[in-house]
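Note that the structure is a prediction, hence the values are computed from the model and not measured.
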Amino acid sequence: MAENRVVEGRMVTAVSLAELVEGEDVMDAESIADADRDCPECGGDVLEVGYMPSITEFVTGYKCQECAWQATDRD
């Protein structure tokens with residue numbers, strides 16, 4: 001798994017990808033992985049990242065590499 005990936009034309013780390021999905025700072029994030037799905041909006045590749053927005057919660061976030069679509073397993 002790569003440490004950094006390109007999302008919407010810019011390089012992101014696992015933490016910065018998690019912050020894009022969450023919309024605010026996160027405590028920690030796991031490595032970025034390819035999600036087993038295509039973007040429902042544009043058909044592009046989707047990345048997934050597991051992260052902790054707080055000490056008591058773990059979330060898996062999904063973000064399209066090509067467009068603004070994003071989701072979490074909370075959705």
Side-chain angles (χ1 to χ4, degrees):
M1 285 182 254
E3 289 287 321
N4 298 318
R5 298 289 187 96
V6 176
V7 174
E8 293 184 70
R10 63 181 180 239
M11 191 67 72
V12 297
T13 64
V15 171
S16 62
L17 179 59
E19 290 172 345
L20 273 175
V21 173
E22 187 66 16
E24 58 187 49
D25 291 345
V26 299
M27 294 181 67
D28 194 22
E30 295 183 339
S31 296
I32 299 170
D34 294 317
D36 192 23
R37 63 162 100 177
D38 294 326
C39 176
E41 290 187 8
C42 75
D45 294 328
V46 174
L47 299 176
E48 74 177 50
V49 63
Y51 63 93
M52 293 180 66
S54 68
I55 193 77
T56 60
E57 185 176 23
F58 183 84
V59 176
T60 301
Y62 304 93
K63 175 73 178 90
C64 178
Q65 286 188 270
E66 306 299 324
C67 75
W69 179 85
Q70 62 191 31
T72 67
D73 59 359
R74 289 188 203 113
D75 296 343

Side-chain donor-acceptor distances from residues 35-43 under 3.5 Å, at least two apart:
none

Quick one: do Val26 and Val15 satisfy side chain to side chain contact (heavy atoms under 4.5 Å, CB included)? Show the steps, please.
-> CA-CA 7 Å; Val26 299; Val15 171; 4.2 Å; yes
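- For Ala14, the side-chain contact (heavy atoms from CB on, under 4.5 Å) partners are Ala29, Ile32, Val49, not counting sequence neighbours.
- Taking the side chain as every heavy atom from C-beta outward, Ile55 and Met27 approach each other to under 4.5 Å.
- Leu20 approaches Arg10 most closely through the heavy-atom pair CD2-NH2, 3.1 Å.
- Using a 4.5 Å heavy-atom threshold, the side chains of Val7 and Leu47 count as touching.
- In this structure the side chain of Glu22 never reaches within 4.5 angstrom of the side chain of Leu17, judged on heavy atoms.
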Any chance you could lay out the side-chain hydrogen bond (donor to acceptor under 3.5 Å, both in side chains) test for Tyr51 and Glu30, step after step, and finish with the verdict?
-> CA-CA 6 Å; Tyr51 63 93; Glu30 295 183 339; over 6 Å; no
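- Rounding to the nearest 0.5 Å gives a distance of 9.5 Å between CG of Asp73 and CD of Glu48.
- Counting only heavy atoms from C-beta outward, the side chains of Glu19 and Asp25 approach each other to under 4.5 Å.
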Under 3.5 Å, which donor-acceptor pairs do the side chains of residues 57-65 form with other protein atoms, sequence neighbours left out?
from, atom 1, to, atom 2, distance (Å)
Glu57, OE1, Arg74, NH2, 3.4
Glu57, OE2, Arg74, NE, 2.9
Glu57, OE2, Arg74, NH2, 3.4
Lys63, NZ, Glu8, OE2, 2.6
Lys63, NZ, Cys67, O, 2.6
Gln65, NE2, Val6, O, 2.8

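- Atom OG of Ser16 is separated from atom CZ of Arg5 by 12.5 Å, given to the nearest 0.5 angstrom.
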